[in-house]
S.K.: 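Handing you a structure now.
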Amino acid sequence: MSGVSARKEVFLDVGGHEVRISSPDKVVFPEPGLTKLDIVEYYLSVSDAALRGAGGRPMVLKRFVKGIAEEAFFQKRVPENHPDFIDTATLHYARGTSAEEAVIRDAAGLAWIVNLGCLDLNPHPVRAEDLDHPDELRIDLDPMPGVDWSQIVDVAFVAREVLDDVGLVGWPKTSGSRGLHILVRIAPRWDFRDVRLAAETLAREVENRAPGLATARWWKEERGESVFVDFNQNAKDRTVASAYSVRPLPDARVSTPLEWDEVRVRRPEEFTVRTVPARYADIGDPHEGIDAAPGTLDGLLQLAADLGPAEKPPRGTDGSGRRASTMPLIEIARTKTKPEAVAALTQWKAQHPAAAAQLHPADELVDGMRGSSSLWYRVRVNLQHVPEAERPPQEKLLADYDPWAGKTWPGR
DNA sequence: GTGGTCC
DNA sequence: GGACCACAACGCTGC
DNA sequence: GCAGCG
Ligand SMILES: [Mn+2]
Ligand SMILES: [Mn+2]
């Protein structure tokens with residue numbers, strides 16, 4: 001028996017509020033060996049900056065009650081039993097439903113949220129005081145597979161140019177995964193529809209200025225090896241991991257605000273729960289000035305009028321309401337796990353070496369799908385780079401996991 | 001992670 | 001007191 | 001209804 005037994009709970013005094021942390025010694029990140037209390041202490045060490053990103057905004061809770069290895073669940077409605085230093089805001093949806101979400105405003109709120117099992121914080125782009133008018137436009141740069149950091153950076157700087165041309169200021173941060181977020185503070189004067197239109201317009205303009213490097217196309221098979229400018233992240237009821245959020249990845253990466261002159265030379269993997277507190281103590285928060293000068297969307301909305309409606313892909317009609325793809329796609333397998341999906345793809349490539357040799361990385365589409373109650377994976381191949389005569393046909397699936405197995409279907 | 005039930 | 005269980009999300013935007 | 005997002 002070692003002398004250090006795992007404590008059941010500890011109580012912290014955080015800015016005059018007592019916060020209970022249960023199972024403080026529970027290991028949340030096995031690889032770097034970070035415990036729940038380590039995560040609490042991380043957030044407290046960067047609390048002012050983390051609150052600049054997530055404070056005062058309603059947020060969705062993503063809870064990892066059993067560590068990052070186990071499945072997490074989302075929680076919109078704040079637990080009834082919340083301390084009085086937790087604020088709330090009630091969001092109303094188009095269908096008439098609503099959800100009372102948590103709003104944190106101080107370091108105690110951060111500690112309390114982490115105790116629930118939350119790692120990344122996912123606030124809406126609105127303040128609790130005005131739930132219908134976002135004060136933040138979010139540029140979400142999502143690299144397709146095979147895209148390297150320098151290309152992401154090139155796209156980020158094109159986005160910065162476009163912002164500059166319409167009189168806006170962008171504040172970059174690593175997403176904490178492979179991509180980059182650029183935040184734009186705006187006056188809370190436009191509704192979600194207009195903010196999304198502005199974001200879509202910016203995305204189209206970035207694609208126009210950097211064809212091949214960036215895309216604003218929604219359908220994955222049409223994107224190629226490019227950086228997707230995910231303008232839909234600005235629709236209502238969408239959230240983004242906020243600045244200084246800990247991401248549920250093995251190395252405990254942090255979504256880290258950067259100075260523009262750091263963007264090209266730094267890498268997402270440099271910033272973790274272990275490294276970011278020292279950086280913050282050293283240089284402070286690169287986003288400290290984000291609230292100083294809220295911008296206007298007039299320029300982007302004018303550009304939207306100039307560009308006109310976006311070109312839509314040809315209307316696909318196969319009768320069933322399903323979209324007809326514009327690309328020569330074949331489905332290879334459906335599997336329960338990602339390794340099985342990758343194995344199926346490998347098997348297919350071994351069976352079709354000639355075609356496989358001509359695939360580009362972005363032509364291999366392995367997507368996590370939401371089934372009736374679980375996750376499954378779909379494996380597809382885009383044969384656009386394979387000459388028509390050499391294209392393998394759609395065959396029986398190599399693996400055919402049924403995500404609805406076990407469900408009873410009324411009337412069939 | 002929390003709160004309720006049942007022995 | 002301890003074991004066990006239920007519960008904790010789902011909306012938006014096109015096609 | 002479905003895809004594709006978080
Ligand atoms: Mn992203
Ligand atoms: Mn995205």
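Residue numbering restarts at 1 for every chain, and letters A, B, ... go by the order of the sequence lines. Just so it is clear, the model here is predicted, and its values are computed rather than measured.
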S.K.: Measuring to OP1 and OP2 of D:dC5, would you say a side-chain N or O of A:R138 lies under 4.0 angstrom away?
M.R.: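 Result: no.
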S.K.: What nucleotide, of D:dG4, C:dA8, C:dG11, holds the atom closest to the side chain of A:W219?
M.R.: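 Between D:dG4, C:dA8, C:dG11, the one nearest the side chain of A:W219 would be D:dG4.
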S.K.: Quickly work out the A:K236 NZ to C:dG14 C1' distance and round it to whole Å.
M.R.: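 To the nearest whole Å, that distance equals 18 Å.
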S.K.: Out of D:dC5, C:dA8, B:dT2, which nucleotide sits closest to the side chain of A:D230?
M.R.: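 Among the listed nucleotides, the one closest to the side chain of A:D230 is D:dC5.
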S.K.: Check the distance between D:dC5's P and A:F192's CZ and give it to me in whole angstrom.
M.R.: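 Roughly 20 Å, once rounded to whole Å.
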S.K.: Roughly how far apart, to the nearest Å, are C:dG11 and B:dG1 at atom P?
M.R.: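 Each nucleotide's P atom is 27 Å from the other's.
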S.K.: Are A:F85 and A:W112 close enough that their ring centres sit under 6.0 Å apart?
M.R.: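 No - the distance between ring centres of A:F85 and A:W112 does not fall below the 6.0 Å cut-off.
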S.K.: Out of C:dA9, D:dG6, C:dC12, which has the shortest distance to the side chain of A:D142?
M.R.: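 Nearest to the side chain of A:D142 among the choices is D:dG6.
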S.K.: May I have the distance from A:N232 (atom CG) to C:dG14 (atom P), rounded to whole angstrom?
M.R.: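 Going from CG in A:N232 over to P in C:dG14 covers 7 Å.
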S.K.: Nearest of C:dC12, C:dG14, C:dA9 to any side-chain atom of A:R196?
M.R.: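 The listed nucleotide nearest to A:R196's side chain is C:dG14.
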S.K.: Below 4.0 angstrom from OP1 or OP2 of C:dG11, is there any side-chain N or O of A:R95?
M.R.: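 Yes, within the criterion.
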S.K.: Tell me yes or no: between the side chains of A:S22 and A:E9, is some donor less than 3.5 Å from an acceptor?
M.R.: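 Checked: A:S22/A:E9 side chains show no N/O donor-acceptor pair below 3.5 Å.
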S.K.: Considering non-hydrogen atoms only, spot the tightest contact between A:I139 and A:L202 and give its length.
M.R.: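 Nearest pair, atom of A:I139 first, then A:L202: CD1-CD2, 3.7 Å.
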S.K.: Of the listed nucleotides (B:dT2, D:dG4, C:dC12), which one gets closest to any side-chain atom of A:A94?
M.R.: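 For the A:A94 side chain, the nearest candidate turns out to be C:dC12.
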S.K.: Could you tell me how far apart A:R20 (CZ) and B:dT2 (P) are, to the nearest whole angstrom?
M.R.: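 So the two atoms are 5 Å apart, to the nearest Å.
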S.K.: Please state how far atom CH2 in A:W218 lies from atom P in C:dC15, giving the value in whole angstrom units.
M.R.: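 The distance from CH2 of A:W218 to P of C:dC15 comes to 12 Å, rounded to the nearest Å.
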S.K.: Just checking, any donor-acceptor pair under 3.5 angstrom between side chains of A:K36 and A:N115?
M.R.: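 A:N115 and A:K36 do have a side-chain donor-acceptor pair below 3.5 Å.
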